[in-house]
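Throughout, protein chains are lettered first and strands after them, A, B, ... in sequence-line order, and every chain is numbered starting at 1.
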2 protein chains.
Amino acid sequence: MRLSKRGEYGLRAMIMLAGTPHEDASLPVVQIKEISQREQISIKFLEQILLTLKNAGLLHSKMGVGGGYYLARPASEITLGQIFRVLDGPVAPIKCVSQMAYEPCGCPDEQTCGLRLVMGDVRNAIVDILDHTSLEDVAKRQESVRQSLGLTSQ
Amino acid sequence: MRLSKRGEYGLRAMIMLAGTPHEDASLPVVQIKEISQREQISIKFLEQILLTLKNAGLLHSKMGVGGGYYLARPASEITLGQIFRVLDGPVAPIKCVSQMAYEPCGCPDEQTCGLRLVMGDVRNAIVDILDHTSLEDVAKRQESVRQSLGLTSQ
DNA sequence: ATAAAGTCTATAATACTAGTAGACTTTAGT
DNA sequence: ACTAAAGTCTACTAGTATTATAGACTTTAT
């Protein structure tokens, strides 16, 4: 039940982008280098990850001087589930309960397989969280933790 | 978020053992070979898995002629979480929210890390299911599905 | 032009997965 | 005692996934 480093880094980067208010609206983009430094992620590895997210339509980018990345949609419309699936594949712990990538798992009778029933519950519990938590939700929650700790934003 | 084949096979085998009523109380053990055939699992691979579960104290065995495996405790006292952890390690999707195997994950500030907050929820949701579902629960649920399908037991 | 920035593909080291193999030990029955 | 049935234990292997690193390329502002 593990989130890969790819998934972790990608999610952290997206959350950071959601939590970075563009006070300076003329510079809505953030560079790979800055994300890499602030989140402590290898820049070359992060490049790949952001590119994948871009090709999946979750990020937009601007090339050339003054370029960088920005969310393809409002933070409220991007869920952690979408990001997760792009980077780490299906959420289901076992293929026979996957909605996105169903495949029989090889048990003698899938219809009455007890493991499948339970893993279906697990899948639903995970999906409930990941597909109903947007980047905005995370950014807000983060902010509220910061305030309850008496820290200033950023 | 994937259950390995090891984990899948081990859980299936344990569920099978829990669902096999020892009507013939003089023969409470089931042989590897039989589990392998009924669950369609490579016998050599299954050997390893059952041995691991035995060494973890979840199974007992009897060697020699007429030997085999049986649950170390009543099915109601063995949870899927216990089995899972033996075969697939910690349940938490990321180390920084693991109770059993905590490790910092490398984010700049763990206390306010939004990803960590959400993954903590995911961990709790999974643990809620796996640690509160016993082998007996699964066997009963399986049986009730069988009946609702109009099948006879076994 | 040039430098800043993203794009894309290839490669590599390491670890993990899903087995397979085979020699060994224990035990029941004769 | 012998034998066959059954679990025990360790090593090995082929394939795949993970976590990067490298470098050449393209786009764009100035």
Using a heavy-atom cut-off of under 4.0 Å over every strand shown, decide if [X] touches base, sugar-phosphate, or nothing.
X     : value
B/K33 : nothing
A/K62 : sugar-phosphate
B/K44 : base
B/I32 : sugar-phosphate
A/G67 : sugar-phosphate
B/D88 : nothing

Give the rounded distance in Å between these two atoms: [atom1] of [X] and [atom2] of [N].
X     : N      : atom1 : atom2 : value
B/F45 : C/dG19 : CZ    : P     : 5 Å
A/L46 : C/dC8  : CG    : C1'   : 16 Å
B/Y69 : C/dT27 : OH    : P     : 14 Å
B/M63 : C/dA28 : CE    : C1'   : 13 Å

Completion exercise
First and last nt of DNA chain D near chain A, cut-off under 4.0 Å to heavy atoms, 5' to 3', are D/dT19 to D/dA29

Interatomic distance, [X] atom [atom1] to [Y] atom [atom2] [nearest 0.5 angstrom]:
X      : Y      : atom1 : atom2 : value
A/C105 : B/E8   : SG    : CD    : 4.5 Å
A/C96  : A/M119 : SG    : CE    : 9.5 Å
A/T133 : A/D128 : OG1   : CG    : 9.5 Å

Exercise for the section: Would you kindly compare A/G64 and A/K5 by the position of their nearest DNA chain D nucleotide and give the one closer to the 5′ end? Expected result: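 Nearest nucleotide further toward 5': that of A/K5.
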
Could you run down the sub-3.5 Å N/O contacts of the protein with nucleotides 9-13 of chain C?
unit_1, atom_1, unit_2, atom_2, d
C/dA10, N6, A/Q48, NE2, 3.2

Exercise for the section: Only pairs at least two apart or in different chains count here, so list each ring-ring contact (aromatic ring centres under 6.0 Å, His included) that has a residue in residues 34-58 of chain B. Expected result: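 Output for this query lists B/Y9-B/F45.
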
Practice task
Considering only NZ, NE, NH1 and NH2 on the basic side and carboxylate oxygens on the acidic side, decide whether B/R141 and A/D121 come within less than 4.0 Å.
Solution key: yes

Exercise for the section: Name all pairs fulfilling the side-chain hydrogen bond (donor to acceptor under 3.5 Å, both in side chains) condition that reach into residues 95-104 of chain B, sequence neighbours left out, sorted by first residue then second. Expected result: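 Sorted pair list: B/Y102-B/E110.
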
Problem - Which residues share a salt bridge (charged side-chain N to carboxylate O under 4.0 Å, His left out) with B/R73, sequence neighbours left out - result: none

Output side-chain donor-acceptor pairs under 3.5 Å for residues 51-69 of chain B, partner residues at least two apart or in another chain, one line each.
unit_1, atom_1, unit_2, atom_2, d
B/T52, OG1, B/Q48, O, 2.9
B/N55, ND2, B/L51, O, 3.4

Practice task
Answer yes if B/I126 and B/M100 sit in the same cluster of Ile, Leu, Val, Met, Phe, Trp and Tyr residues linked by side chain heavy atoms under 4.5 Å apart, and no otherwise.
Solution key: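 The answer is no; the residues belong to distinct hydrophobic clusters.
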
